[in-house]
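Chain A is the first sequence line, chain B the second, and so forth, proteins listed ahead of strands; every chain is numbered from 1.
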Amino acid sequence: MIEMKLVSKRFGKINPLSIEEYIKFDGYKNLVNALSMEKTEIIEEVQHAYLRGRGGAGFPAAIKMMALAKETSEDKYIICNADEGEPGNFKDRYLMENDPHQILEGMIISAYATGATKGFIYVRGEYQKSMSLLKWSIDEAKKKGYLGKNILGKKFNFDIEVRSGAGSYVCGEEFALIESIEGNPGRTRVKPPFPTTKGLYGKPTLINNVETLATIPLIIEMGGKEFAKIGTPSSTGTKLISLSGNVKNKGVYEIPFGVPIRDVIYKLGGGIENDRKIKMVQLGGACGPIIPEYMLDMIIDFERFEEFDSKTGAGAIIVMDERFDLFDILLKIVRFFEHESCGKCTPCREGHIQLANLVIKFIERKATVKDMVSLESLARVIHQASLCGLGQTSPTAIISSLKYFRDDYLDRIEHPEKA
Amino acid sequence: MVNLVINNAKVSVEENTSILQAAKQYNMDIPTLCYYEDLNIKSDCRVCVIEVQGKKGLVSACSTPVAEGMVVYTNSPRVLNARKTIVELILSNHDTNCTTCVKNMKCELQTLARNLGIDENRFPSVFERCDIDENNPAIVRNPNLCIKCGRCVDVCKNVQGTNVLATMGRGHTMQVAPVFNEDLNEDFCTFCGQCASVCPVGAITEKDNTDQVWNAIMDSEKHVIVQVAPAVRVSLGEEIDQVVGNIVTGKIVSAMRLLGFDRVFDTDFTADLTIIEEGNELIHRVTTGGVLPMMTSCCPGWISYAETRYPDILDHLSSCKSPQQMFGALAKSYYAEKMNLDPKHVFVVSIMPCTAKKYEAQREEMSVNGVDPDVDVVLTTRELGKMIKQMGINFNGLEEQDFDNPFGITSGAGAIFGATGGVMEAAIRTVYEVVNKKPLENLDFKDLRGLEGIKEAEVDLGGTMVKVAVAHTLANAKVLCDQIRDGKSPYAFIEIMTCPGGCIGGGGQPYGTTNKVRQERINSTYRVDANMKIRKSHENPQVTALYEDYLEKPLGKKSHHLLHTHYHDRKRK
Amino acid sequence: MLLKELLQKYPKKEDQLIEILLEYQNEKIDHYISKEEITEVSKYLDVPESKVCSVLSFYTFFSDKPRGKHIIQVCKDVPCYVSSNIDVLKIIEKELGIRINETTPNQQFTLEFTSCLGCCEAAPAMRINDKIYTHLTADKIKAILSEYKVYM
């Protein structure tokens with residue numbers, strides 16, 4: 001069985017509203033253990049585990065924790081990034097709706113290890129159910145003494161506040177998120193300084209994805225070294241994969257890193273609906289590469305994804321069958337980013353509409369070779385010169401399609417008569 | 001020191017220097033667009049992106065600090081391609097009708113595109129025409145030209161704190177617009193023009209009134225007189241490619257005569273007059289328990305700010321009009337009488353470093369006969385430069401000429417009105433001597449000079465040490481206003497100037513105003529003062545003659561009617 | 001609740017702006033924030049009106065123009081697109097007689113696009129006010145809309 005239910009072990013097995021059921025099912029025992037450890041020990045375990053961010057960037061979590069730990073500010077913050085807006089991704093929603101306390105436990109352990117004084121969970125505005133569950137769980141945790149002052153008798157105070165998004169994908173970006181919590185439009189900031197030096201309200205801030213934080217209790221339980229034995233050397237542990245599109249069994253599956261994409265689609269997803277053929281698969285989300293069927297034996301692993309010059313570790317797999325046209329899909333992707341761009345920097349603000357115009361030329365079979373060259377050049381400039389992760393990853397689908405679906409492009413150029 | 005390599009050259013600079021500044025120190029200019037010296041780093045335009053070895057993407061030079069061992073390329077093919085693409089993208093959402101654009105040949109985008117060698121745009125134009133905002137007397141906003149660099153929002157929000165302009169919307173349809181997306185209006189905007197001063201393109205400019213002036217000059221029925229503000233004489237040269245800070249007073253007078261003005265007068269004269277009236281007003285308040293601190297009232301941007309944000313402290317303001325308006329009032333009464341002219345045929349033009357003066361001139365109180373404005377048209381320094389070029393005048397070849405009388409003799413005190421702290425210093429030179437009945441030994445109040453936001457000094461008035469303060473920019477004005485509101489102000493007299501550096505940094509001044517430029521213009525201002533024979537307003541014989549001849553006495557009935565005004569509570573309910 | 005009352009629930013801190021706007025707008029039957037309301041919030045929090053305008057115009061949840069009682073949002077991103085056997089938008093447009101970004105004459109419904117709602121495993125999906133509806137079929141959509149027409 002390729003599934004490995006560790007972080008998702010409680011999905012469907014407990015009532016998410018009940019802290020008692022959570023506690024009964026190994027809940028908060030890792031917090032108790034962590035509080036008896038040295039703070040540096042906890043971070044060391046995360047380091048041994050080589051836990052990498054589960055929100056998309058794949059940045060080593062221990063490095064961020066160490067950076068926050070060494071800051072001497074009186075106020076330090078931990079933010080849980082629950083602004084899951086990447087199309088195709090819904091695993092954070094599953095975590096929040098099925099096992100909210102695990103996220104809280106991860107945050108509290110991280111706060112203790114880094115000296116953070118307050119936590120925020122920034123949830124996208126559309127996830128009303130998740131927000132209610134989290135707020136409820138925070139109250140329950142407080143009542144049991146897992147949050148608040150002198151947690152479990154230690155000289156450790158920590159509180160968590162839930163904040164709502166208001167319909168902006170870019171607020172999943174670190175500084176845009178911070179700006180949003182501060183009551184501003186969600187536009188990123190000039191870096192440096194980085195959040196761990198000067199983040200929320202100008203204080204040192206650590207931002208982690210929901211799944212990353214939810215994995216912390218597991219690491220305390222198993223020990224970092226054991227955790228690192230799962231998966232691959234560059235990508236340790238498990239990953240929640242959001243599988244959607246034309247597969248029979250859409251949903252969230254937890255697998256160890258290193259599983260081939262094909263296995264997820266066929267062994268877990270049950271194959272393609274109506275037994276159609278796969279035309280293309282997008283990995284990671286709208287910001288990820290589009291690959292053809294013959295590449296599906298590739299394993300799910302951060303290093304492999306890096307080869308696409310992008311960080312696509314959010315883990316979505318969107319399967320598209322032969323009915324769908326590459327350029328229709330590319331246009332939808334570009335329109336998404338066009339709509340979500342914050343507008344601050346030129347390449348992203350002015351570039352997406354030009355990408356869209358070029359893709360439309362291919363849809364209408366009016367494109368020339370010059371257009372293909374312009375498309376690739378523009379996509380690369382947006383990718384390289386944008387100020388934040390949105391622009392830096394939005395052209396990935398186009399760039400990958402130019403590599404793997406070149407024949408589709410050439411067909412449009414060479415056969416305008418098929419329009 | 002940090003050692004790095006830029007374009008294969010070894011570079012050594014101080015820590016925390018940006019790559020942009022480091023390169024500049026070694027004579028390597030990296031193109032920029034949204035970057036503006038003395039303003040916040042935005043990193044918006046991405047024009048200054050460069051390659052740093054080891055980093056996958058390109059980073060902006062303006063915001064990236066140097067690091068030991070860094071290897072930087074500012075002109076690699078990847079960088080040049082990115083830069084060109086970025087400028088093409090900006091141009092694709094811009095009204096590229098340059099030849100009829102108000103900023104033609106002065107536009108930073110135009111210069112950038114030319115320098116990058118852009119001769120074709122791969123990207124079709126996607127710009128959608130929208131209305132131009134020109135419903136106020138001072139500023140014109142053309143969103144069709146906006147490139148979203150964010151400079152205007154920065155000055156409006158952080159330098160002035162008036163928060164009129166903001167970015168609205170997001171993505172491709174994002175706009176920079178005034179509050180509520182309405183046209184600029186006097187409810188919020190003080191018309192200080194700092195936004196126009198920093199705009200790299202023609203998206204925000206002053207309202208152009210040069211045609212009205214040409215028409216008046218050509219109208220044989222009109223007797224057209226012009227007054228020139230103190231700040232203009234140390235800045236106009238920049239419009240004609242001269243070095244910053246060149247004093248060109250005499251040439252301005254010559255040029256005015258060539259342009260066809262019937263008389264050329266000096267606003268410094270009425271600046272001296274303002275000191276007499278305001279100085280006496282201060283003494284009156286101090287000796288009779290009047291409202292203190294008294295605050296200057298010659299800056300229309302400040303007046304607008306006070307009326308809309310601090311109407312509760314309006315009785316602190318001096319009731320004196322500004323020098324511009326005192327001149328206008330005298331022109332349409334005293335002068336017209338003296339010249340045997342119907343005031344309706346006297347057309348008053350003023351050349352100001354300021355855009356808010358255009359608003360001030362059309363305020364309904366600024367009319368002696370209650371119908372016609374005392375000052376008919378206000379032109380900015382930039383517009384005067386335009387007229388000189390339109391006429392084809394060889395400015396640099398002009399001889400120096402003198403202002404006309406009866407408004408031509410001035411003192412150094414009048415001349416320093418253009419610098420922050422100048423009005424205060426001018427006032428002290430007179431008030432000290434009137435109160436203490438002895439000459440002021442040191443005329444130079446260095447404590448009040450310079451670019452510090454809020455400056456203080458102490459003056460001995462009749463044995464009591466009195467505190468005075470000077471603030472420039474509205475963000476600093478706010479600090480002093482809040483103090484007054486809280487009843488905690490320790491001052492007797494406060495000078496407020498809206499523009500950074502005072503009028504020499506006004507919204508109508510030549511482009512490229514930075515702190516370095518402001519300091520140069522300020523230095524020249526004090527040089528003008530130092531070189532003048534008369535340095536105190538009350539020693540100006542023409543001012544004395546005016547009182548003897550016409551006004552009778554300071555704060556007298558005639559003075560009140562012509563030279564003083566009142567204010568309105570304009571706070572939005 | 002009057003805006004004045006609602007504001008009292010919140011501390012006078014700048015970072016409360018978005019929460020305040022969300023709660024208040026949700027309560028209003030026409031789901032928008034008016035010019036006067038912008039001024040009131042701005043006064044309460046001591047933030048410039050231009051900033052409130054800026055925030056209002058940035059986030060898609062907010063509107064400065066009146067909208068219908070029920071905001072219907074249809075997803076147009078890739079996972080819903082490939083998982084749909086129906087054209088959700090066309091069905092709704094036909095049922096309500098309006099096009100995208102329009103409001104029904106009786107002010108009951110406004111139709112908008114939304115970016116991915118994060119329930120791709122149950123696509124196609126749509127959102128009406130705070131509720132998300134998934135596994136949509138033509139019949140299901142019509143039934144949901146009828147309920148809103150009659151009961152809400």
Other residues, nucleotides, ligands: >12 heavy atoms within 6.0 Å of [X] [atom1]:
X        : atom1 : answer
C/Lys140 : NZ    : yes
C/Asn106 : CG    : yes
C/Lys131 : NZ    : no
A/Lys198 : NZ    : no
C/Ile29  : CD1   : no
C/Lys9   : NZ    : yes

For the pair [X] (side chain) and [Y] (backbone), establish whether a donor and an acceptor sit closer than 3.5 Å, ignoring hydrogens and angles.
X        : Y        : value
A/Lys332 : C/Lys76  : yes
C/Glu14  : A/Glu182 : no
A/Arg93  : C/Gly118 : yes

Chain C interface, residue from A/Gly186, A/Ser244, A/Gly245 that has the most non-hydrogen pairs under 4.5 Å: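 The candidate making the most pairs under 4.5 Å is A/Gly186.
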
Measure across [X] and [Y] and return the closest heavy-atom pair with its distance rounded to 0.1 Å.
X        : Y        : answer
A/Gly167 : C/Thr60  : O-OG1, 2.9 Å
A/Pro185 : C/Tyr59  : C-OH, 3.6 Å
A/Phe90  : C/Cys120 : CE2-CB, 3.6 Å
C/Phe61  : A/Gly165 : CE2-O, 4.2 Å

Which portion of [X] sits near chain C, non-hydrogen atoms under 4.5 angstrom:
X        : answer
A/Ile181 : backbone
A/Ser180 : both
A/Asn89  : backbone
A/Glu340 : side chain
A/Asp328 : side chain
A/Val252 : neither

Flag the pair [X] / [Y] as yes when at least one side-chain heavy-atom distance between them is below 4.5 Å, and no otherwise.
X        : Y        : answer
C/Glu19  : A/Ser164 : yes
C/Cys116 : A/Tyr169 : no
C/Val78  : A/Phe336 : no
A/Arg323 : C/Val82  : no

Largest heavy-atom contact set with chain A, pairs under 4.5 Å, which of C/Ile132, C/Leu17, C/Val55: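 Sorted descending by pairs with chain A, the first entry is C/Val55.
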
In Å and rounded to the nearest 0.5 Å, what is the [atom1] to [atom2] distance from [X] to [Y]?
X        : Y        : atom1 : atom2 : value
C/Arg127 : A/Gln128 : CZ    : CD    : 6.5 Å
C/Ser115 : A/Glu86  : OG    : CD    : 11.0 Å
C/Asp77  : A/His339 : CG    : NE2   : 9.5 Å
C/Asp15  : A/Leu200 : CG    : CG    : 8.0 Å
C/Cys119 : A/Tyr127 : SG    : OH    : 7.5 Å
C/Ile18  : A/Cys171 : CD1   : SG    : 7.0 Å

Please classify the contact between C/Asn129 and chain A as side chain, backbone, both or neither, with a heavy-atom cut-off of under 4.5 Å.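 Interface part for C/Asn129: neither.
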
Interchain contact, C/Leu117 with chain A, by part (heavy-atom threshold 4.5 Å):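 C/Leu117 touches chain A through backbone and side-chain heavy atoms alike.
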
